[in-house]
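In this text the structure is predicted, and so the values were computed from the model without any measurement.
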Amino acid sequence: MSATKTRTSSFSRNFASANSSQIPGLKHGPNGTVFISSGIPDLDKILGGGFSLGSLVMVMEDAEAPHHMLLLRNFMSQGLVHNQPLLYASPSKDPRQFLGTLPSPAVPKDDKSSHRDPDQEKGLRIAWQYKKYFGENQHSSDSQGGKHEFCNEFDLRKPLERQFLSGKHIDCISIQDSPNLVTLNDRCATFLSRFPSDRSISSVGRIAIQSFCAPQCEFSNMEWDMLSFVRSLKGMVRSSNAVAVVTFPPNLLSPSSCKRWQHMADTLLSVKAIPDEDKELEKLLTGYQDMVGLLNVQKVARLNTQVPVILEATTLSIKLKKRRFMVLECLNQAPIDGSSGSSYGTTGSCSVSSKSGTLDF
């Protein structure tokens, strides 16, 4: 008799959650989706958890300001902090120099408060029988807690430490002098072959490609070749435990090619600079002076589901808190004529007449 095989369906439970939960930098979502962090806490909340594992993220650049570099730096730094292998492609001659501009994770306030001076500890009087419990609790919180958070807050003024850059899990490629995309495609295929899409997730990879159709590249005029590479990259990433982020300037592409690129993306983001002196926009929005740019979420990845993602807001303001930390906030309309109320009506009556009597509809 033939051996009976267990029937599996798309609704079967993923038993890899126990193994993958031990890997830092992974979060499980609905429908068996696994997320990795974008490096920006606010963006992870907007996207429902982060970047979906096996998805292609595309960022449309702005020709007036390099705000896309903020997204790319935080994405790369978050992967290096979690010891996730990284493949970085850039149109510059020496892409490894860009690693020196990656931000460093900020020290949480809890860690600062936990490291107390011995002089301050002398002034703290605790009964001798409770001192041992105080030490054990502090030790257990350090062991469980998470030096590796899912998403760190990165200090843009502090460079990443060398210990994260000295590993062998960083691969840099220069696409400036390459006449075609064969070499880049082979390097991406070799890199992604290390992360097969199995049930047990042992490691996760990240791919970051900067300014893919930049004029420095010799293949910048081969729009069909670039489109076929994006399609091939999406297929390779979908069948692996990795996420690819590609930034491109849409003004260098034809309108038809730009639409095709946007259609190929699982998650589509776009950044836009804000003019320095725009009096009309300053009157319309609150906190205009603190804004650096705008982030538009045009598409969110929908893996293992057909339910659309409905966002509360698709256009967000990019701000730098204390000129160090990147923050995303919803746009708020400034009050009109000095009124401090909301834009919605606060009265519940159907008529604004002050006369008493029956309501006139």
Could you state whether Leu80 and Ile36 fall into the same hydrophobic cluster, counting links through intermediate Ile, Leu, Val, Met, Phe, Trp or Tyr residues with side-chain heavy atoms under 4.5 angstrom apart?
yes
With a 4.5 Å cut-off on side-chain heavy-atom distances among I, L, V, M, F, W and Y, is there a chain of contacts connecting Trp224 to Ile175?
yes
One thing to verify: whether Asp177 and Lys93 come together as a salt bridge, which I'm taking to mean a side-chain N less than 4.0 angstrom from a carboxylate O.
no
Minimal heavy-atom distance between Asp225 and Leu181, with the atoms involved, is O-CD1, 3.5 Å
Measuring only between side-chain heavy atoms, which start at C-beta, is Gln78 closer than 4.5 Å to Asn152?
yes
Spell out, as yes or no, whether a donor-acceptor pair under 3.5 Å connects the side chain of Asp266 to the backbone of Ser55.
no
Under the criterion side-chain contact (heavy atoms from CB on, under 4.5 Å), I'd like the reasoning laid out for Met291 against Leu285: C-alpha separation, chi angles, the key distance, then a yes or no.
CA-CA 10 Å; Met291 296 182 186; Leu285 299 177; 4.1 Å; yes
Taking the inter-plane angle between the rings of Phe98 and Tyr88 on a 0 to 90° scale, is it parallel (under 30°), tilted (30 to 60°) or perpendicular (over 60°)?
parallel
Note, Phe191 side chain near Asp186 side chain (heavy atom, < 4.5 Å)
no
Report yes or no: does Ser240 contribute a side-chain atom to a donor-acceptor pair with the main-chain N or O of Val237 at less than 3.5 Å?
yes
Would you say Cys213 and Leu253 make side-chain contact, with heavy atoms under 4.5 Å?
yes
Quick one: does Leu192's side chain get under 4.5 Å of Ile207's, heavy atoms only?
yes
Minimal heavy-atom distance between Ala265 and Met58, with the atoms involved, is CB-CG, 3.5 Å
Test side chain to side chain donor-acceptor pair (under 3.5 Å) applied to Ser239 - qualifying residues, sequence neighbours left out
none
Give, for atom CG of Leu160 and atom OG of Ser77, the distance between the pair rounded to the nearest 0.5 Å.
5.0 Å
Quick one: does Asp155's side chain have a donor or acceptor within less than 3.5 Å of a partner on Ser104's backbone?
no
Which distance, rounded to the nearest 0.5 Å, do you find between the CE of Met76 and the CD1 of Ile170?
8.0 Å
Do Leu252 and Phe229 belong to the same hydrophobic cluster, where Ile, Leu, Val, Met, Phe, Trp and Tyr are linked whenever their side-chain heavy atoms lie under 4.5 Å apart, directly or via other members?
no
Which distance, rounded to the nearest 0.5 Å, do you find between the OG of Ser178 and the CD1 of Ile173?
9.5 Å
Taking atom CD of Gln176 and atom CD of Gln216, what is their separation to the nearest 0.5 Å?
6.5 Å
Pro250: which residues meet the side chain to side chain contact (heavy atoms under 4.5 Å, CB included) condition with it, sequence neighbours left out?
Met60, Phe248, Cys258
Residue pairs meeting side chain to side chain donor-acceptor pair (under 3.5 Å), one or both in residues 290-317, sequence neighbours left out, come to Ser270-Gln298
Would you say Thr190 and Ser193 are linked by a side-chain donor-acceptor pair, where the criterion is simply a distance under 3.5 Å?
no
For Ser220 and Ala214, the nearest pair of non-hydrogen atoms, with its separation, is CB-O, 3.3 Å
Side chain to side chain contact (heavy atoms under 4.5 Å, CB included) partners for Asn221, two or more places apart
none
Same hydrophobic cluster for Val246 and Leu268, using side-chain heavy-atom links shorter than 4.5 Å among ILVMFWY?
yes
Applying side-chain hydrogen bond (donor to acceptor under 3.5 Å, both in side chains), run through Glu223 and Ser254 and close with a yes or a no.
CA-CA 9 Å; Glu223 293 188 355; Ser254 62; 2.9 Å; yes
Is it true that a side-chain atom of Arg206 and a backbone atom of Phe75 form a donor plus acceptor pair closer than 3.5 Å?
yes
pair Val59-Val245: side-chain heavy atoms closer than 4.5 Å:
yes
Any side-chain heavy atom of Asn185 within less than 4.5 Å of one from Leu233?
no
Say whether Gln97 and Ser92, considering side chains only, have a donor N or O and an acceptor N or O under 3.5 Å apart.
no
Check whether more than 12 heavy atoms from other residues, nucleotides or ligands sit under 6.0 Å from atom CD of Glu64, and answer yes or no.
no
Looking only at side chains, do Thr247 and Gln210 share a donor and an acceptor under 3.5 Å apart?
no
Given Leu227 and Trp261, is the side-chain contact (heavy atoms from CB on, under 4.5 Å) satisfied, shown in steps?
CA-CA 7 Å; Leu227 180 62; Trp261 285 39; 3.8 Å; yes
Decide side-chain contact (heavy atoms from CB on, under 4.5 Å) for Leu294 and Val271; before the verdict, give the C-alpha distance in whole Å, the side-chain angles of both, and the deciding distance to 0.1 Å.
CA-CA 6 Å; Leu294 298 176; Val271 292; over 6 Å; no
Which heavy atom of Gly39 sits nearest to which heavy atom of Pro41, and what is that distance?
O-CD, 4.0 Å
Exercise: identify the closest heavy-atom pair between Val230 and Phe212:
CG2-CE2, 4.1 Å
Rounded to the nearest 0.5 Å, how far does CD1 of Ile46 lie from CG of Leu295?
7.0 Å
So, Lys234 side chain and Met264 main chain: donor-acceptor pair closer than 3.5 Å or not?
yes
Are Val327 and Leu71 grouped together when hydrophobic residues (ILVMFWY) are joined by side-chain heavy atoms under 4.5 angstrom apart?
no
For Arg187, salt bridge (charged side-chain N to carboxylate O under 4.0 Å, His left out) partners two or more places apart
Asp171
Find out whether the Lys NZ or Arg CZ of Lys27 is both under 6.0 angstrom from the six-membered ring centre of Phe35 and within 45° of the ring's axis.
no
Enumerate the residue pairs fulfilling side chain to side chain donor-acceptor pair (under 3.5 Å) with a member in residues 44-53, sequence neighbours excluded, ordered by first and then second residue.
Ser37-Asp44, Ser38-Asp44
side-chain contact (heavy atoms from CB on, under 4.5 Å) assessment of Leu43 paired with Leu328
CA-CA 7 Å; Leu43 185 58; Leu328 300 178; 3.9 Å; yes
Are any of the side-chain heavy atoms of Ile274 and Val292 separated by less than 4.5 Å?
no
Phe154 six-ring face occupied by Arg73 cation (under 6.0 Å, within 45°):
no
Any side-chain heavy atom of Leu303 within less than 4.5 Å of one from Arg238?
yes
Is a donor on one side and an acceptor on the other found under 3.5 Å between the side chain of Asn74 and the backbone of Ile40?
no
Ser228 backbone acceptor or donor facing Ser232 side chain under 3.5 Å:
no
Ion pair check, Glu153 and Lys321, cut-off under 4.0 Å
yes
